[in-house]
Asker: 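Can you read through this structure? Questions will come right after.
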Amino acid sequence: MAPSIQLTSAGAGEDSDSGDLEDVRLLDSYDKREVHDETKRIQVRISGMTCAACSNSVEAALKSVDGVIEASVALLQNKADVVFNQNLAKEDDIKNAIEDAGFEAEILHEPGSTGTKPVGDNTVVGQFTIGGMTCAACVNSVEGILKNITGVKKAVVALATSLGEVEFDPNVISKEDIVSAIEDAGFEAMFVQSTSQDEIVLGVVGACSLVDARVLESMLSGMKGVRQFRFDPLMSELNVVFDPQVLNSRSVVDGIRVVSNGKFKLHVRSPYARMASKDVSESSTMFRLFISSLVLSIPLFFMGVICPHIPFIYSLLLWRCGPFLMDDWLKWALVSVIQFVIGKRFYIAAIRALRNGSTNMDVLVALGTTASYVYSVCALLYGALSGFWSTTYFETSAMLITFVLLGKYLECLAKGKTSDAIKKLVELTPPTALLVVKDKDGRTIEEREIDSLLIQPSDTLKVLPGTKIPADGIVTWGSSYVNESMVTGESLPVLKEINASVIGGTINFHGVLHIQATKVGSDTVLSQIINLVETAQMSKAPIQKFADYVASIFVPTIVALSILTLLCWYAAGALGAYPDEWLPKNGNHFVFALMFSISVVVIACPCALGLATPTAVMVATGVGANNGVLIKGGDSLERAQMVKYVIFDKTGTLTQGKANVSVAKVFAGMDRGEFLKLVASAEASSEHPLAKAILQYARHFHFFDESSLTNGSQNDAIEIKSGWLYDASDFSAIPGKGVQCIIDGQRVLVGNRKLLVESGINISTEVENFVVELEESAKTGILVACDGILIGVLGVSDSLKREASVVIEGLQKMGITPVMVTGDNWRTARAVAKEVGILDVRAEVMPAGKADVVRSFQKDGSIVAMVGDGINDSPALAAADVGMAIGAGTDIAIEAANYVLMRDNLEDVITAIDLSKKTFSRIRLNYVFAMAYNIIAVPVAAGVLFPSLGIKLPPWVAGACMALSSVSVVCSSLLLRRYRKPRLTTILEIVVN
């Protein structure tokens with residue numbers, strides 16, 4: 001999240017955007033309200049809220065308590081601010097009301113920070129890969145198991161990625177215990193990574209024998225700070241847990257390298273690389289099983305179709321060997337291997353599902369194949385005992401398993417494609433970095449190549465031309481152009497000189513750079529982008545609740561329909577409702593009914609429903625990241641497609657955010673240069689952007705220095721103060737009004753009308769007319785008074801972004817109403833709105849009031865989006881249904897926003913909304929297909945069309961249909977990868993010749 005910055009106000013003629021840049025808390029409006037003696041205000045920490053519906057539920061529960069006067073719930077901070085009458089309600093009443101609504105509550109007697117509660121000091125968020133999940137029912141089962149473990153506070157499992165994120169207290173339960181719990185439930189589990197910084201996984205090259213392993217272990221045993229370690233000789237993987245106060249990851253690697261004299265070569269195993277290898281391994285396993293099943297099924301096909309036409313071979317198959325024919329023996333042997341060796345995974349998965357009280361697709365596959373296999377074995381035994389030989393269906397079982405495995409393999413491949421965005425982002429980080437080692441005097445001792453995952457803060461790194469920057473940092477030596485398009489989306493290379501910040505993963509073009517690493521590991525911009533995309537892919541869109549519900553009742557319903565099909569066809573046959581000619585050769589009514597029943601079981605597919613939403617969300621978040629639009633979750637995607645209003649902040653959103661003094665007029669008998677020097681001296685202590693603009697203008701006027709008009713370094717304020725400015729004392733900033741100070745014994749005021757009027761200073765008609773003229777031309781008037789007399793006015797302008805008017809018109813064409821909200825005065829606001837094409841304007845609004853503006857549009861149930869710069873607009877971003885932080889290329893962890901638009905380009909607002917609409921159109925199409933498939937396929941498999949049209953689906957054909965249904969849904973989601981940003985010319989219906 002962006003650092004908390006307290007910016008003071010430089011006067012801006014009623015420009016309350018000066019107050020916008022203050023660090024305003026979401027609940028500030030309640031803090032400033034008077035509280036009477038009989039009332040009391042408390043803040044309550046609430047756990048379990050996940051969306052706006054939760055916060056609304058809590059707020060409604062609080063307001064229903066007798067004695068509660070005001071209640072405001074902030075989802076962002078997981079807090080509620082409650083004002084109540086102590087004579088009518090108690091703290092316990094408020095806590096009980098929240099708990100009765102289904103949430104956990106904790107009274108905060110000393111309200112302090114309003115930031116979102118971070119993961120506690122005693123908790124760790126661990127990421128685990130979970131294998132063996134096949135549908136939403138499996139996900140629900142794993143989540144239920146994890147949440148019931150003592151020490152686990154939160155658990156989220158995603159089917160599409162086969163990942164689970166678990167927040168747990170390592171003092172109560174270890175990650176090994178969590179893995180064991182998952183495995184005890186019948187699933188496969190492996191720990192990937194955690195928020196803990198005291199563990200490293202290394203690949204070891206050179207440990208070839210047991211002696212080498214013991215040498216490695218003896219080295220680690222003697223290394224101070226190493227708590228525990230484990231070496232896996234098969235994987236050549238070394239897991240080291242160390243005390244971060246004593247060691248860091250690089251010192252562990254360097255220590256082993258030095259002690260072993262270079263015998264062992266170590267490299268850090270990236271969590272993402274381990275996950276990728278896990279995915280490849282799963283696909284390979286599925287492919288191997290499919291090929292094995294196919295190889296054994298081909299002889300069955302030949303024996304049933306080809307061999308009867310080859311007399312010699314067919315005679316061998318009809319040779320009686322004991323009680324059975326050779327044909328029967330071969331079929332039984334081949335199918336038994338397929339059923340119980342290759343198909344073992346279906347039995348294991350089905351048993352664990354039933355043991356946990358749930359059902360899934362594996363239960364259906366196991367039921368269908370087992371019924372076919374058991375019937376065939378019983379038919380053989382019955383024939384041997386009675387002499388009546390019925391038709392066997394061994395090949396049905398074999399082909400069923402073969403087609404299901406083919407579907408699973410294709411599904412693995414397709415699901416792997418949905419995570420391509422993560423893979424591309426991970427690949428942006430270079431594998432190695434060139435470390436510059438310096439002595440105490442700052443002289444370079446050596447340069448050596450290290451693993452980029454071993455970079456530590458404050459390391460000096462050398463970046464050669466054409467190579468990638470390995471970490472976030474600051475340039476300490478050199479000058480070059482850097483391509484940041486892969487992170488920020490900006491196509492033009494950016495000049496980087498000393499003190500300029502750089503982003504890891506971007507490409508250095510021409511010169512050699514020395515950078516000092518400032519953020520490494522999970523703190524880098526790239527890592528946070530990856531984390532945002534992963535979090536979005538882990539989240540569940542509200543529409544998925546429907547699929548989860550259907551999944552919970554799907555399998556029992558299908559089994560019931562299968563039994564009903566069996567009974568109906570058998571009863572109809574026994575009553576003579578259909579002719580015996582319909583029966584198979586050597587068959588009976590039971591066999592005839594059983595084939596329909598098995599077809600019903602195996603054709604039904606709950607997986608297609610379970611994959612409809614998460615695969616589309618995964619692809620969409622990846623596509624968004626590639627286009628510079630970071631989406632924080634499926635719920636954000638779902639809301640964005642229904643947006644009716646888009647509220648824009650003015651400064652820095654619709655405008656460039658770079659204030660320039662365009663005019664300075666003196667109304668007293670003072671020299672123009674003296675006037676500017678006086679104003680600059682007053683503003684020198686302010687950190688507001690308008691103050692910096694005035695300082696730059698005054699400095700340029702004073703020194704005729706063109707460079708002063710460009711963006712200077714962070715030390716500009718200090719540099720400007722020295723030498724030529726007056727000394728100012730008793731400086732104070734007045735939020736929303738301006739600043740005041742004492743210079744040479746005279747009281748100087750710089751601000752808006754309100755500041756001067758409240759100070760008793762008369763504003764003449766001439767000055768008023770001049771200020772009005774400035775405001776009507778979209779400029780902000782800053783008034784300056786000295787010793788009680790108004791001496792001059794500065795006009796400050798902020799140019800509109802070039803794409804602003806086109807984007808506003810584009811939104812209107814899409815049926816969305818744009819609104820502008822600003823702290824600026826009404827004349828300036830209307831002038832800007834008129835220029836950009838916005839009809840609805842809200843001016844003179846303080847930061848806390850912007851959230852109220854958002855709520856006013858939400859009263860009729862409309863979905864409202866807020867677009868802001870992510871700092872001063874955070875209250876409104878949190879209040880909006882869809883918050884979009886724009887231009888946040890180096891500050892992407894803005895918790896208040898649902899969308900982070902990396903580029904400072906308003907066109908991405910349209911892209912975000914359009915991508916949301918396209919994604920949910922695809923999700924609806926997936927659901928329509930998945931539902932239509934089951935609604936149509938199940939009756940056909942049950943034989944509804946057989947009496948009239950003679951259409952009958954053999955079980956193996958039903959199995960093939962089931963396998964391909966889930967693959968088709970994933971492939972449908974993958975079509976989103978072809979998404980292209982909408983062309984504004986198309987939206988505006990402009991014909992370009």
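Only heavy atoms go into these numbers, but all of them, side chains included; no hydrogens, no water, no symmetry mates.
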Asker: Is it true that R922 and S972 share a donor-acceptor pair across their side chains at a distance under 3.5 Å?
Answerer: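 Yes, a side-chain donor-acceptor pair sits under 3.5 Å.
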Asker: Is there side-chain contact between H589 and L583, with at least one heavy-atom pair below 4.5 Å?
Answerer: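 Contact flag for H589/L583 side chains = yes.
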Asker: Please find out if less than 6.0 Å separates the ring center of Y373 from that of F340.
Answerer: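 Judged by ring-centre distance (under 6.0 Å), Y373 and F340 do meet the cut-off.
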Asker: For a side-chain contact (heavy atoms from CB on, under 4.5 Å) check, start with the C-alpha distance between D914 and Y979, then their side-chain angles and the critical distance, and finish with the verdict.
Answerer: CA-CA 10 Å; D914 183 66; Y979 174 83; 2.7 Å; yes
Asker: Contact between D881 and V643 at the side-chain level, heavy atoms closer than 4.5 Å - yes or no?
Answerer: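 Answer no - side chains too far apart.
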Asker: Is K154 atom NZ crowded by more than 12 heavy atoms from other residues, nucleotides or ligands, each under 6.0 Å away?
Answerer: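 No, the 6.0 Å shell around NZ holds no more than 12 heavy atoms from other groups.
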Asker: Measure the shortest side-chain to side-chain distance between I951 and F946 over non-hydrogen atoms and say whether it is less than 4.5 angstrom.
Answerer: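 Side chain of I951 against side chain of F946, heavy atoms only: no contact under 4.5 Å found.
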Asker: Side-chain contact, heavy-atom cut-off 4.5 Å: I631 with L915?
Answerer: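 Yes, at least one pair of side-chain atoms sits under 4.5 Å.
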Asker: Which atom names give the shortest non-hydrogen contact between C138 and F187, and what distance separates them?
Answerer: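 So the two residues come closest at CB-CE2, 4.0 Å.
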Asker: Please assess L163 against T129 for the test side-chain contact (heavy atoms from CB on, under 4.5 Å), listing each intermediate value before the final yes or no.
Answerer: CA-CA 5 Å; L163 284 177; T129 57; 3.6 Å; yes
Asker: L380 and F324: which non-hydrogen atoms are nearest, and at how many Å?
Answerer: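 Nearest pair, atom of L380 first, then F324: O-CE2, 3.3 Å.
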Asker: Within this structure, what is the OG1-CG distance for the pair T621 and N626, rounded to the nearest 0.5 Å?
Answerer: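 Spacing of OG1 (T621) from CG (N626) equals 10.0 Å.
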Asker: Minimum heavy-atom separation for L146 and I182, please, with both atom names.
Answerer: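 Taking every non-hydrogen atom into account, CD2-CG1, 3.8 Å.
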Asker: Can you tell me how far apart CZ (R288) and CG (L405) are? Round to the nearest 0.5 Å.
Answerer: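 Taking CZ in R288 and CG in L405, the distance rounds to 11.5 Å.
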Asker: Please name the pair of heavy atoms, one in M642 and one in I863, separated by the smallest distance, quoted to 0.1 Å.
Answerer: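 Result for this residue pair: O-CB, 3.4 Å.
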Asker: Rounded to the nearest 0.5 Å, how far apart are CG of L334 and OG of S293?
Answerer: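 Here the rounded value is 10.5 Å.
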Asker: What are the two closest non-hydrogen atoms of V600 and I558, and how far apart are they?
Answerer: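 Taking V600 first and I558 second, the nearest heavy atoms are O-CG2, 3.7 Å.
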Asker: For W582, look at atom CH2 and say whether over 12 heavy atoms of other residues, nucleotides or ligands are found less than 6.0 Å away.
Answerer: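 Yes, the 6.0 Å shell around CH2 holds more than 12 heavy atoms from other groups.
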Asker: Is there a donor in the side chain of Y347 and an acceptor in the side chain of T370, or the other way round, less than 3.5 Å apart?
Answerer: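 Checked: Y347/T370 side chains pair up, N/O donor to acceptor below 3.5 Å.
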Asker: Would you say M286 and R345 make side-chain contact, with heavy atoms under 4.5 Å?
Answerer: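 Yes, at least one pair of side-chain atoms sits under 4.5 Å.
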Asker: Could you give me the CA-CA distance, side-chain angles and deciding distance for S297 and I338, then say whether side-chain contact (heavy atoms from CB on, under 4.5 Å) is met?
Answerer: CA-CA 8 Å; S297 297; I338 296 173; 3.6 Å; yes
Asker: Parallel, tilted or perpendicular: which describes the rings of F929 and Y933, with under 30° parallel and over 60° perpendicular?
Answerer: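 Judged by the thresholds at 30° and 60°, the geometry between F929 and Y933 is parallel.
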Asker: For S562 and S597, test the side chains for any donor-to-acceptor distance below 3.5 angstrom and give the result as yes or no.
Answerer: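 Indeed, the side chains of S562 and S597 share at least one donor-acceptor pair under 3.5 Å.
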Asker: Under 4.5 Å between any side-chain heavy atoms of I342 and F290, yes or no?
Answerer: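 Of all side-chain heavy-atom pairs linking F290 with I342, none is under 4.5 Å.
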Asker: Would you say OH of Y570 has more than 12 non-hydrogen atoms from neighbouring residues, nucleotides or ligands within 6.0 angstrom?
Answerer: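 No, because the 6.0 Å sphere around OH of Y570 holds 12 heavy atoms or fewer from other groups.
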Asker: Between E638 and T919, is any pair of side-chain heavy atoms under 4.5 Å apart?
Answerer: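 No - every pair of side-chain heavy atoms lies 4.5 Å or more apart.
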Asker: In the structure I gave you, are the side-chain heavy atoms of F346 and T369 within less than 4.5 Å of one another anywhere?
Answerer: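 With C-beta onward as the side chain, the pair stays apart.
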